[in-house]
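Chain naming here is simple, since letters A, B, ... match the order of the sequence lines and numbering starts at 1 in each. Model, not experiment: these values are computed from the prediction.
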There are 2 protein chains.
Amino acid sequence: MKKEINIGLLGTGTVGGGVILVLKDHEALITERVGTPIRIKKVLARHPEKVHALDPSLPVVTDIEEITGDPDIDIVVELIGREHPALEYMKKALLAGKNVVTANKDVVAVHGKELFELAAAHHVDFLFEASVAGGIPIIRPLKESLASNRISLIMGIINGTTNYMLTRMTEEHMDFTEVLKQAQEKGYAESDPTADIGGFDAARKIAILSSIAFNTRVHLDEVEIEGIEKISLRDIVYAEELGYTIKLLGIAKQLKNGKISVGVHPTMLRKNHPLASVDDVFNAVYIEGQPIGEAMFYGRGAGRFPTASAVCGDIIECARNIREGCNGRVGCTCYEEKALALKEEVFSQFYVRLLVDEAPGVLAQIASVFGKHEVSLFNVLQTRKLGDLAEIVVITHPVSVYDLEEATKELAVTKVVNRISNVLRVEDDQSIC
Amino acid sequence: MKKEINIGLLGTGTVGGGVILVLKDHEALITERVGTPIRIKKVLARHPEKVHALDPSLPVVTDIEEITGDPDIDIVVELIGREHPALEYMKKALLAGKNVVTANKDVVAVHGKELFELAAAHHVDFLFEASVAGGIPIIRPLKESLASNRISLIMGIINGTTNYMLTRMTEEHMDFTEVLKQAQEKGYAESDPTADIGGFDAARKIAILSSIAFNTRVHLDEVEIEGIEKISLRDIVYAEELGYTIKLLGIAKQLKNGKISVGVHPTMLRKNHPLASVDDVFNAVYIEGQPIGEAMFYGRGAGRFPTASAVCGDIIECARNIREGCNGRVGCTCYEEKALALKEEVFSQFYVRLLVDEAPGVLAQIASVFGKHEVSLFNVLQTRKLGDLAEIVVITHPVSVYDLEEATKELAVTKVVNRISNVLRVEDDQSIC
């Protein structure tokens with residue numbers, strides 16, 4: 001049995017620094033739980049002074065070969081972030097027979113297959129719990145605790161920035177521009193907030209989760225992406241009136257026919273849904289499957305220490321596997337190629353907000369266009385007048401995405417319709433997969 | 001590598017039947033995910049016809065030796081329930097070198113140590129995810145994903161019967177007797193409901209969870225137990241008025257000095273707490289620790305299929321370990337002996353409801369008794385009159401359990417106090433551990 005487990009740490013930013021502190025502060029506890037001490041043998045960093053401010057005893061190197069070529073190093077922990085050179089470093093580490101732990105959603109979402117194959121060929125672990133939903137245990141529970149389940153639905157609040165913004169819009173009736181400014185001032189949104197508010201960050205995470213849950217490889221370009229720029233205070237207020245709250249959700253469904261649909265959508269959620277009360281920067285992943293029924297995993301989706309918790313959990317898993325000689329115990333589970341469902345096959349309820357002429361018979365005309373396309377209406381509000389125009393809000397029964405799109409296409413060129421202001425998905429008890 | 005993994009199943013009640021159905025219905029999926037087929041080789045059952053109604057191909061035996069003595073059997077799955085003969089069967093299985101998976105909270109809470117020691121001596125797995133909170137992955141996440149954390153607090157809604165009853169009392173203002181009758185009619189409460197409503201079921205589960213989280217063995221007699229019989233509709237209504245909801249919680253705290261406190265208490269929870277919206281028969285476990293911060297695990301805490309999900313997750317874990325030859329990979333983590341905290345060391349907020357004389361100066365007299373015992377008041381309500389008497393409701397700031405008890409002892413013999421109607425714990429943002 002090895003006397004100690006040695007780590008080569010790449011990257012010493014927010015999360016890397018957190019891992020250094022956790023391994024130092026909880027050294028005794030971790031050693032007891034694992035049965036073997038875990039120590040950081042080398043740190044790859046450009047600024048040794050930053051590392052030494054956290055732990056003066058840590059040796060700093062600047063060449064990746066000093067880590068991947070060191071026979072004592074058992075686990076390479078990649079916390080550099082972004083695609084390059086993180087990908088190349090991880091490949092080098094796997095090729096050298098090192099176990100790899102990473103928090104890198106960009107690399108896992110795009111290059112997961114290649115890395116998994118390398119890990120399998122070298123009988124090492126490739127673990128990435130921290131790549132989705134920060135500290136929340138979700139990757140490992142999906143692969144292990146829930147491994148007897150056929151998952152039919154995943155809905156996740158997996159981007160803290162947008163959840164913070166939507167919560168503020170809902171609670172304080174701030175508008176989008178105002179709340180974005182506030183989020184940037186608080187450090188919750190970056191100066192270029194596109195990745196978050198455009199849904200691209202959430203897309204990587206739902207691609208990773210659905211690949212695991214459905215045992216297939218979901219590519220980023222297969223994820224339909226809508227951001228929250230389209231949400232106005234008006235939508236927030238209508239949602240409230242109708243008993244919903246708006247959340248940016250990663251949504252992945254597996255249909256009865258085995259096809260899948262994966263997307264990121266601002267969604268109206270019934271207020272009594274477990275995800276509806278997940279506010280501010282918190283994340284949560286809700287799943288439905290058989291035999292488990294429903295389950296939800298909730299916690300902090302980002303931040304130095306929550307993310308370090310997930311990384312250190314993976315390091316400990318890896319260390320236990322090293323101790324028992326069973327690295328690679330749970331490898332890639334994407335053994336199938338599942339087809340994407342057609343728009344005709346994916347059903348959802350929808351919210352449609354329209355600006356129409358204020359005249360007799362207009363509502364009937366609109367209802368008839370919906371009806372023509374098999375879209376039946378669950379709820380209709382006609383409340384606010386804007387000059388000569390009236391605003392109509394419609395919640396549909398579950399309809400196919402195809403039918404909804406055809407209906408809105410026709411409405412867009414219907415004379416009494418001045419504008420289709422917004423179309424959002426609705427997840428209600430009524431929804432069917 | 002083994003061609004298949006063989007199970008000996010003990011017990012074919014609700015959960016056992018569920019496991020038979022899940023392993024049959026999800027056979028292909030499980031085989032793909034594990035890499036090796038898993039089959040039930042023998043079932044120990046008194047009524048073969050019940051087994052054959054679920055799967056006519058299953059061989060039924062009536063003697064435990066036919067399972068523990070069968071060299072082909074890798075995993076014994078114990079779903080008989082209660083202490084005896086389940087304990088003896090599991091010991092026999094472990095002694096014969098079989099891995100054991102169980103859902104038996106009674107045995108794990110009381111005889112865990114003995115079983116773990118046997119499992120370690122024979123290098124086999126002893127897994128019991130289903131013993132707490134049904135389908136919700138919580139044991140394995142605590143032992144593995146969160147293994148770098150120092151857990152300071154666990155609060156769990158871990159009894160579905162009482163959560164259903166408290167939800168109905170809150171939503172429909174039914175009184176205790178009425179709602180118990182309804183729960184029994186719906187099959188949510190047993191004809192002798194003592195184990196549930198008295199908090200004894202929850203006590204076993206919080207003993208198991210806190211043993212794992214704090215790496216010590218928490219004995220059942222160390223768990224302070226209060227049931228929900230003491231909750232009246234009056235308390236429910238006051239809770240609402242004050243912005244709380246009442247839940248029966250398993251609460252385990254680890255103080256900064258390393259001592260622990262473990263109990264089951266009907267508790268007033270601030271409405272914005274993540275546990276506050278966990279309603280009906282759902283369960284959830286909320287934890288606080290470093291580095292993770294907060295996390296919560298939510299799902300169905302009982303029922304054939306949710307519980308079978310947890311059992312099958314453990315079977316799959318065990319099968320993967322068999323495949324890799326690393327059974328016993330994560331064994332008992334109770335390597336310490338932590339002392340119970342004294343009443344002087346445990347702090348909480350409290351709700352106290354009193355019936356007092358309706359006379360000038362009474363409130364001042366009561367406040368002075370609290371003050372004398374270092375109990376400072378966060379909120380005071382004096383709303384309802386009952387003839388010559390007035391009802392006073394007090395929420396305290398965080399105080400030691402000792403001080404609160406001393407104060408209520410003195411109040412009980414204070415002349416103007418007619419009755420102390422109830423005392424409940426309060427978990428608010430203000431609470432400190």
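Rounded to the nearest 0.5 angstrom, Y335(A) OH and L29(B) CG are separated by 4.5 Å. For the atom pair CZ of R33(B) and CD1 of I212(A), the computed distance is 11.0 Å after rounding to the nearest 0.5 Å. Rounding to the nearest 0.5 Å places OG of S145(A) at 8.0 Å from CD of E144(B).
E317(A) and R329(B) are joined by a salt bridge, as a carboxylate oxygen and a charged side-chain nitrogen come within less than 4.0 angstrom of each other.
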Validation: residues 15-27 of chain A side-chain donor-acceptor distances under 3.5 Å, sequence neighbours left out:
from	atom 1	to	atom 2	distance (Å)
K24(A)	NZ	L54(A)	O	2.7
H26(A)	ND1	S148(B)	O	2.7

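Atom CD of E337(B) sits in a sparse spot, with 12 or fewer heavy atoms from other residues, nucleotides or ligands closer than 6.0 Å.
Ranked by heavy-atom pairs under 4.5 Å with chain B, the first of E129(A), E32(A), E336(A), K143(A) is E32(A). For the set T333(B), V330(B), I136(B), the entry with the most heavy-atom pairs within less than 4.5 Å of chain A is V330(B). No other option in G289(B), A310(B), A295(B), P291(B) has as many heavy-atom pairs under 4.5 Å with chain A as P291(B). For the set G293(B), A308(B), P274(B), the entry with the most heavy-atom pairs within less than 4.5 Å of chain A is P274(B). With chain B as the partner, the residue from N321(A), T307(A), V278(A) showing the most heavy-atom pairs under 4.5 Å is N321(A). Of the listed residues C312(B), P137(B), G299(B), G313(B), the one with more heavy-atom pairs under 4.5 angstrom with chain A than any other is P137(B). Ranked by heavy-atom pairs shorter than 4.5 Å toward chain A, the options R150(B), R304(B), M296(B) are led by M296(B).
For N215(B), the part lying near chain A is the side chain, with the backbone staying farther off; criterion is any non-hydrogen pair under 4.5 Å. Using a 4.5 Å cut-off between heavy atoms, F297(A) touches chain B through backbone and side chain atoms alike. Only the side chain of I316(A) has a heavy atom closer than 4.5 Å to any heavy atom of chain B. Heavy atoms of R140(B) lying under 4.5 Å from chain A belong exclusively to its side chain.
The minimum heavy-atom distance linking G135(A) with I292(B) is given by the pair O-CD1, 3.3 Å. Closest approach of A147(B) and I30(A) over heavy atoms only: O-CG1, 4.4 Å.
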